[in-house]
Number of protein chains: 2
Amino acid sequence: MADAADIREERTSVDDIFDTLRAEIMALELRPGDKLSESDMAARFGVSRQPVRDAFNRLANQDLLVIRPKRATEVKRFSMREIEKSRFVRAAVEEKVLRLAAENCDLVGAARLDMSIAEQEQLLETASFDSFGALDLIFHKTLSQIAKTEFAFDVILTEKTKIDRLCVLGLSKEQRLPDLVEDHRRIADAVKQHDGEAAVQAGMVHLGRLDETIARIEAQNANYFEIR
Amino acid sequence: MADAADIREERTSVDDIFDTLRAEIMALELRPGDKLSESDMAARFGVSRQPVRDAFNRLANQDLLVIRPKRATEVKRFSMREIEKSRFVRAAVEEKVLRLAAENCDLVGAARLDMSIAEQEQLLETASFDSFGALDLIFHKTLSQIAKTEFAFDVILTEKTKIDRLCVLGLSKEQRLPDLVEDHRRIADAVKQHDGEAAVQAGMVHLGRLDETIARIEAQNANYFEIR
DNA sequence: GATTTCATTCTTGCATACTAGAATTGCGAA
DNA sequence: TTCGCAATTCTAGTATGCAAGAATGAAATC
């Protein structure tokens, strides 16, 4: 569900526009509430309104734009309900994954977890924080694989994406990373020891960090949120 | 995410086409693998290709169509991976909901559950099986409300929808309904007695019925499934 | 000065025409 | 009969123009 390539089999100019705008929206270069015009975008990308229109439609379907006929199209504001939903789904899915992972973790799985944790700790030392996102995904994907529920990673990825746009407004990665890596280490240890309960506990602590972050962001950026 | 009204603020002809086609796809009147043509649909709905195109895009984004540029647009086949994913998410979310519901169920909640169960049992006697779908949704929605996680119902609805298209191929409602209502009664009883564990157990039995159904459908309708 | 009204402008919705490329079909040759 | 090639017909992608409604700003009125 993430990018255009999942749905179509060949790239068109609509795909380019879609991917570009999506990245800008996710990075908050286009901010919640910003108005977008089909004509402006057409001029910017050097195409007619039509492909822009198609791209807008796709973005609206992914809950990133709101199209208000004959009025305007704007970048969707954050919705606390949507965020709570993502938070809830992630918690539910990760809990199941961690229990299954703890149950099914074999030597190969343990080795892969060790490797993943080692990479993350190395990254902390070399201070190349930007590539943490990729390592984070690999870690959770590895857990899904050990749990023999690979499709669970799709869900985690989808829900994570929804919250990521919000987290751009939070603290810098430099500040958050040490805690996150420590969380991961605890989760990995529990899974390796087949202690599902401890793994779930560590996982909930991990997710809990999001809550503080989200609460602070909401307090400081009310204008980016839907009125409720 | 279910219908067009969630995204747009005013109905357009695109909305009509989208809703109509969506219903037909869900009811398998348009079957997996069927080819759709923008021109044909335009003629059928008495509009130009453009609104049809927009509707196709939306349906593709909801994983109901596959658009292959310059080739064709066809109704998406079932994907076992997608189905397993929905099954997993539903299990994870419902488990959390049932535990929270058992924890938080008060007298008002208990009364609402009784009412819902009574309606379902009455429906069994009057044999008006077609309206069970609505009652089923209400039951799960009530549970989400008792659990104070109303947004969880959105998820359940979304995932259920994905599997519903498949279940059209299964046994008649007449055959399945008695068991389903009995499952619901057990779940409601457990929740009312604040027995989270029993509620989850009954919930898993309830979901487990899907697995047999899905396996049989896959065996008998391989042509409706993606090759893997 | 505040408010109301109206014209202008900007928005998206829809129709039409054209293009490029894939699939299909029919014909001709082996 | 079968195979291959070419013409035709289908597909969706894109450009353009017009229509209808909403927003905006200026002018007129109180």
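Just so it is clear, the model here is predicted, and its values are computed rather than measured. Every chain is numbered from 1, with letters handed out A, B, ... down the list of sequences.
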- Task: Taking side chain to side chain donor-acceptor pair (under 3.5 Å) as the test, write out the residues that go with Lys76(B), two or more places apart.
- Result: Glu226(B)

- Query: In dot-bracket form, how is DNA chain D paired, counting a Watson-Crick or G-U wobble pair only if both its distances are under 3.5 Å and using | for bases paired to another strand?
  - Reply: ||||||||||||||||||||||||||||||

- Query: What residue pairs, at least two apart or across chains, pass ring pair (Phe, Tyr, Trp, His ring centres under 6.0 Å) with a residue in residues 59-89 of chain B?
  - Reply: Phe151(A)-Phe88(B), Phe78(B)-Phe225(B)

- Query: By side-chain contact (heavy atoms from CB on, under 4.5 Å), which residues pair with Ser144(A), not counting sequence neighbours?
  - Reply: Val97(A), Ala152(A), Phe153(A), Ile156(A)

- Euclidean distance, atom CD of residue Glu74(A) to atom P of dC10(C) [Å, nearest integer]: 19 Å

- Message: Under 4.0 Å from OP1 or OP2 of dA22(C): is there any side-chain N or O of Arg68(B) that close?
- Response: no

- Message: Checking contacts here: which listed nucleotide (dG13(C), dG13(D), dA22(C)) is nearest the side-chain heavy atoms of Ile67(A)?
- Response: dG13(C)

- Pairing residues for Glu159(B) by the salt bridge (charged side-chain N to carboxylate O under 4.0 Å, His left out) criterion, not counting sequence neighbours: Lys162(B)

- Task: Measure from the side chain of Arg71(B), starting at C-beta and using heavy atoms only, and say which of dA22(D), dC14(C), dA22(C) lies closest.
- Result: dA22(C)

- Query: Can you tell me how far P of dA22(C) sits from NZ of Lys70(B), to the nearest Å?
  - Reply: 7 Å

- Item | Partners passing side chain to side chain donor-acceptor pair (under 3.5 Å) against Arg53(A) (at least two apart in sequence or in another chain) | Glu38(A), Asp54(B)

- With Ser37(B), which residues qualify under side chain to side chain donor-acceptor pair (under 3.5 Å), at least two apart? none

- Message: OP1 or OP2 of dT11(D) versus the side-chain N and O atoms of Thr73(B): is any pair under 4.0 Å?
- Response: no

- By salt bridge (charged side-chain N to carboxylate O under 4.0 Å, His left out), Glu95(A) pairs with (sequence neighbours left out) Arg99(A), Lys96(B)

- Message: Can you pull out the residues from residues 29-40 of chain A that lie within a 4.0 Å heavy-atom distance of DNA chain D?
- Response: none

- Can you check whether Ser13(B) has a side-chain N or O nearer than 4.0 Å to OP1 or OP2 of dC14(C)? yes

- Task: Could you state the atom-to-atom distance from CZ of Arg53(B) to P of dG13(C) in whole Å?
- Result: 14 Å

- Charged N to carboxylate O below 4.0 Å: is that the case for Arg176(A) and Asp183(A)? no

- Could you tell me the separation between the CZ atom of Phe18(B) and the C1' atom of dG13(C), rounded to a whole number of Å? 18 Å

- Expressed in angstrom and rounded to an integer, what is the separation of Asn57(B) atom CG from dG13(C) atom C1'? 15 Å

With a 3.5 Å cut-off and sequence neighbours excluded, list the donor-acceptor pairs that the side chains of residues 23-31 of chain B form with protein atoms.
residue: Glu24(B); atom: OE1; partner: Arg44(B); partner atom: NH1; Å: 3.2
residue: Glu24(B); atom: OE2; partner: Arg44(B); partner atom: NH2; Å: 2.6

- Query: Which ones in residues 41-52 of chain B lie close to DNA chain C, meaning a heavy atom under 4.0 Å from one of its atoms?
  - Reply: Val47(B), Ser48(B), Arg49(B), Gln50(B), Pro51(B)

- Query: Which residues satisfy the side chain to side chain donor-acceptor pair (under 3.5 Å) test with Ser116(B), sequence neighbours excluded?
  - Reply: Gln120(B)

- Nearest-Å distance, CG (Asp54(B)) to P (dA15(C))? 11 Å

- Message: Salt bridge or not between Arg68(B) and Glu74(B)? Use side-chain N to carboxylate O under 4.0 Å.
- Response: yes

